[in-house]
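Take a look at the structure set out below.
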There are 2 protein chains.
Amino acid sequence: MDLVKTARALASDKRVRILSWLKDPAAHFPPQADGDLVEDGVCVVLIAEKLGVSQPTATEHLKILAEAGFVRARRLKQWTFYRRDEAAIAGIKQGIAREL
Amino acid sequence: MDLVKTARALASDKRVRILSWLKDPAAHFPPQADGDLVEDGVCVVLIAEKLGVSQPTATEHLKILAEAGFVRARRLKQWTFYRRDEAAIAGIKQGIAREL
DNA sequence: TAGGGATATAGGAAAATCCCTATATGGATC
DNA sequence: GATCCATATAGGGATTTTCCTATATCCCTA
């Protein structure tokens, strides 16, 4: 586990909020026409709107979270849905507990 | 616990290395004339040298670690010694496990 | 295959971080 | 009190991060 890379991903209020929202997507986002909020994840546009940033900025934040292992992207039709990777996050927590 | 502040403190290779060295100061630093490495902590100059940065830069890194709760400063004579705050770090680990 | 919607990439401006030198401060000692 | 050593603070340059607009790409649908 790369502790610095993990920490950098969490060193942003916006990224931490995304992670928090994705714990319970149905409580934080409206239903989607395609893609189940819980099963498939939340689409980039919804995250960008709730975050109050442009779509490219949201994409960039999600990319950083994905590269650190916190979330996974799933492409369905023309949308990309992001959801938490709970198994990876559990591993990250263990890694932090071990290395800190 | 402020997750973003904690993450920012860890979002630097140099600060993570300091934290790691301070787990076992005697294994990483030479004996000090004043101040016990384990009891009192490690003086700023030794940390700056090992880190390969100037003294003010080391001071800045240590300040960031201290403000996030990872280390504590102890002033003895004209030296400032830094040591890990294990109780606080345990709390940080719990906080991360809870909030992530 | 033409059109359109969603996402990704490119490029650049603004802000934050990192690290330096110079200097101020704090405290011990002569 | 004068001096010296360790640390803290000030100020500034270089790099990185953040976020935007414009545009390219991907993929569905007509």
Side-chain angles (χ1 to χ4, degrees), chain A residues 2 4-19 22 29-37 40-68 70-83, chain B residues 2 4-19 22 29-37 40-68 70-83:
Chain A
D2 184 338
V4 172
K5 188 173 186 178
T6 299
R8 278 193 203 282
L10 295 176
S12 151
D13 175 53
K14 293 199 171 68
R15 290 194 289 272
V16 168
R17 265 191 289 159
I18 292 172
L19 277 181
L22 293 185
F29 297 96
Q32 298 171 148
D34 276 284
D36 182 76
L37 279 175
D40 303 309
V42 182
C43 102
V44 175
V45 170
L46 292 183
I47 293 171
E49 280 173 2
K50 196 172 179 74
L51 211 50
V53 299
S54 69
Q55 169 265 312
T57 297
T59 293
E60 175 66 14
H61 283 307
L62 288 162
K63 189 179 175 186
I64 291 168
L65 286 173
E67 282 175 357
F70 289 99
V71 301
R72 279 181 166 279
R74 173 175 293 177
R75 189 101 198 203
L76 290 180
K77 297 191 175 176
Q78 66 267 55
W79 295 284
T80 307
F81 301 98
Y82 283 89
R83 65 191 192 291
Chain B
D2 185 338
V4 172
K5 188 172 187 178
T6 300
R8 278 193 203 282
L10 296 175
S12 149
D13 175 54
K14 293 197 171 69
R15 289 193 290 272
V16 168
R17 265 190 288 160
I18 292 172
L19 278 181
L22 293 185
F29 297 97
Q32 300 170 148
D34 275 285
D36 182 75
L37 279 175
D40 303 309
V42 182
C43 101
V44 175
V45 169
L46 292 183
I47 293 171
E49 279 173 5
K50 197 172 179 72
L51 210 52
V53 299
S54 68
Q55 169 267 311
T57 296
T59 293
E60 175 66 14
H61 283 307
L62 288 162
K63 189 179 175 187
I64 290 169
L65 285 172
E67 283 176 356
F70 289 98
V71 302
R72 279 181 166 281
R74 175 175 292 176
R75 190 100 199 201
L76 290 180
K77 298 193 178 176
Q78 67 267 53
W79 295 283
T80 308
F81 301 97
Y82 284 89
R83 64 191 192 290

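Nothing here was measured: the structure is a model prediction, and the numbers come from that model. Letters A, B, ... mirror the listed sequences (proteins, then strands); counts begin at 1.
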**Study point:** Residue pair B:Lys50, B:Arg17: steps toward the side chain to side chain contact (heavy atoms under 4.5 Å, CB included) verdict
**Key:** CA-CA 10 Å; B:Lys50 197 172 179 72; B:Arg17 265 190 288 160; over 6 Å; no
Check your understanding: Once each nucleotide of nucleotides 12-24 of chain D is scored for protein heavy atoms under 4.0 Å, what B/S/- sequence comes out, 5' to 3'?
Key -> -----SSBBBB--
Point to revise | Rounded interatomic separation in angstrom, taking CD1 from B:Ile18 and P from C:dC18 | key: 11 Å
Exercise for review: Give a yes/no on whether any side-chain N or O of B:Thr59 is located under 4.0 angstrom from OP1 or OP2 of D:dT9.
Suggested key: no
Practice item. Would you sort out whether A:Phe70 and A:Ile64 count as a side chain to side chain contact (heavy atoms under 4.5 Å, CB included), showing the intermediate values? Key: CA-CA 9 Å; A:Phe70 289 99; A:Ile64 291 168; over 6 Å; no
Every protein N/O within reach of nucleotides 25-30 of chain C N/O, cut-off under 3.5 Å:
none

Practice item. Test side chain to side chain contact (heavy atoms under 4.5 Å, CB included) on B:Leu76 and B:Asp34 and set out the steps. Key: CA-CA 8 Å; B:Leu76 290 180; B:Asp34 275 285; over 6 Å; no
Exercise for review: Take B:Leu65 and B:His61, measure what side chain to side chain contact (heavy atoms under 4.5 Å, CB included) needs, and give me the verdict at the end.
Suggested key: CA-CA 6 Å; B:Leu65 285 172; B:His61 283 307; 5.5 Å; no
Review point. If you round to the nearest 0.5 Å, how far is CG of B:Leu46 from OH of B:Tyr82?
Key: 13.5 Å
Practice item. Give the rounded distance in Å between these two atoms: CG of A:Asp40 and C1' of C:dT7. Key: 17 Å
Exercise for review: Send over the distance from A:Asp34 CG to D:dC28 P, rounded to a whole Å.
Suggested key: 11 Å
Study note, to complete from the structure: note: A:Leu62, atom CG; C:dT7, atom P; distance rounded to Å ~ 10 Å
Check your understanding: With a 4.5 Å heavy-atom cut-off, do A:Leu19 and A:Leu10 have their side chains touching?
Key -> yes
Practice item. Rounded to the nearest angstrom, tell me the gap between atom CD in B:Glu49 and atom C1' in D:dT7. Key: 14 Å
Point to revise | Close side-chain approach of A:Trp79 and A:Gln32, heavy atoms under 4.5 Å | key: no
Check your understanding: What is the pairing partner of D:dA30, taking Watson-Crick or G-U wobble pairs with both distances under 3.5 Å in any strand?
Key -> C:dT1
Review point. What distance do B:Leu22 atom CG and B:Arg83 atom CZ have between them, rounded to the nearest 0.5 Å?
Key: 10.5 Å
Check your understanding: Does A:Tyr82 put a side-chain nitrogen or oxygen below 4.0 Å from OP1 or OP2 of C:dA6?
Key -> no
Review point. So, the side chain of B:Arg8 versus the backbone of A:Ala11: is there a donor-acceptor pair under 3.5 Å, distance only?
Key: yes
